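Keep in mind it's a predicted model, so treat the numbers as computed, not measured. FYI, the numbering just counts along the sequence from 1.
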Amino acid sequence: MCLALPVKVVEVGVGAKDAWAIVDLGGVKKEISLALLDGVQVGDFVILHVGYALTRLDPDEAERTLALFAQMNESNVAVP
């Protein structure tokens with residue numbers, strides 16, 4: 001089973017191979033590839049799957065989804 005998560009872009013850059021971003025998910029920062037998207041900017045939310053940003057996400061939708069994940073974590077509900 002695969003899981004894609006909404007993450008917030010905190011830094012954007014271009015490397016030797018392709019564009020990259022640093023994203024934040026609850027304080028965890030990770031470098032991801034932007035090879036599949038154009039025009040991503042700091043402050044955007046993207047869907048992250050196996051190290052790649054797949055699509056931009058509406059900020060309100062991203063915040064609601066992240067709030068649900070936080071609520072599940074507080075309730076100790078296992079994510080399938």
Side-chain angles (χ1 to χ4, degrees):
M1 181 165 125
C2 299
L3 181 63
L5 301 170
V7 293
K8 187 172 187 175
V9 176
V10 296
E11 186 179 338
V12 174
V14 177
K17 294 182 182 179
D18 58 27
W20 54 267
I22 302 294
V23 296
D24 184 323
L25 176 60
V28 176
K29 292 194 166 85
K30 177 174 177 59
E31 184 176 326
I32 67 167
S33 174
L34 297 177
L36 303 175
L37 290 178
D38 290 325
V40 175
Q41 299 177 8
V42 171
D44 286 349
F45 283 88
V46 296
I47 296 293
L48 171 65
H49 179 63
V50 292
Y52 288 87
L54 298 180
T55 188
R56 274 187 223 55
L57 185 61
D58 174 74
D60 293 331
E61 181 65 27
E63 294 291 352
R64 284 192 298 272
T65 302
L66 292 171
L68 285 171
F69 283 144
Q71 184 180 7
M72 287 188 308
N73 186 43
E74 291 170 5
S75 302
N76 293 320
V77 174
V79 177

Item to check | Test applied, side chain to side chain contact (heavy atoms under 4.5 Å, CB included); reference residue, V23; option that passes from V9, V12, L5 | outcome: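 The side chain to side chain contact (heavy atoms under 4.5 Å, CB included) with V23 is passed solely by V9 among V9, V12, L5.
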
Item to check | Non-hydrogen side-chain atoms of F45 and E63 separated by less than 4.5 Å | outcome: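 Touching, per the 4.5 Å side-chain cut-off.
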
Checklist entry - Tell me, do V46 and L37 make a side-chain contact under 4.5 Å, heavy atoms counted? => result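 They are in side-chain contact.
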
Checklist entry - What residues form a side-chain contact (heavy atoms from CB on, under 4.5 Å) with T55, not counting sequence neighbours? => result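 Testing T55 for side-chain contact (heavy atoms from CB on, under 4.5 Å), a comparison that skips the adjacent residues, returns I47.
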
Item to check | D38 atom CG, over 12 foreign heavy atoms within 6.0 Å | outcome: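 No, the 6.0 Å shell around CG holds no more than 12 heavy atoms from other groups.
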
To the closest 0.5 Å, what do you measure between [atom1] ([X]) and [atom2] ([Y])?
X	Y	atom1	atom2	answer
K8	L66	NZ	CG	10.0 Å
H49	L36	NE2	CG	10.5 Å
D60	L57	CG	CG	9.5 Å

Checklist entry - Under 4.0 Å between a Lys/Arg side-chain N and an Asp/Glu carboxylate O for D24 and K29? => result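 The answer is yes: the pair qualifies as a salt bridge.
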
Checklist entry - Are S33 and W20 close enough, and set up right, to give a side chain to side chain contact (heavy atoms under 4.5 Å, CB included), and what steps lead you there? => result CA-CA 5 Å; S33 174; W20 54 267; over 6 Å; no

Next on the checklist: Please determine whether residues V40 and L25 belong to a single hydrophobic cluster, defined as Ile, Leu, Val, Met, Phe, Trp and Tyr linked transitively by side-chain heavy-atom distances below 4.5 Å.
Outcome noted: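 Result: yes, single cluster for both.
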
Checklist entry - Of the non-hydrogen atoms in L34 and A53, which two are nearest, and what is the gap between them? => result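 Scanning both residues completely, I find the closest heavy atoms to be CD2-CB, 3.7 Å.
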
Item to check | For P6 against T65, the heavy-atom pair lying closest together | outcome: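 Where P6 meets T65 most closely, the heavy atoms are CG-CG2, 3.7 Å.
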
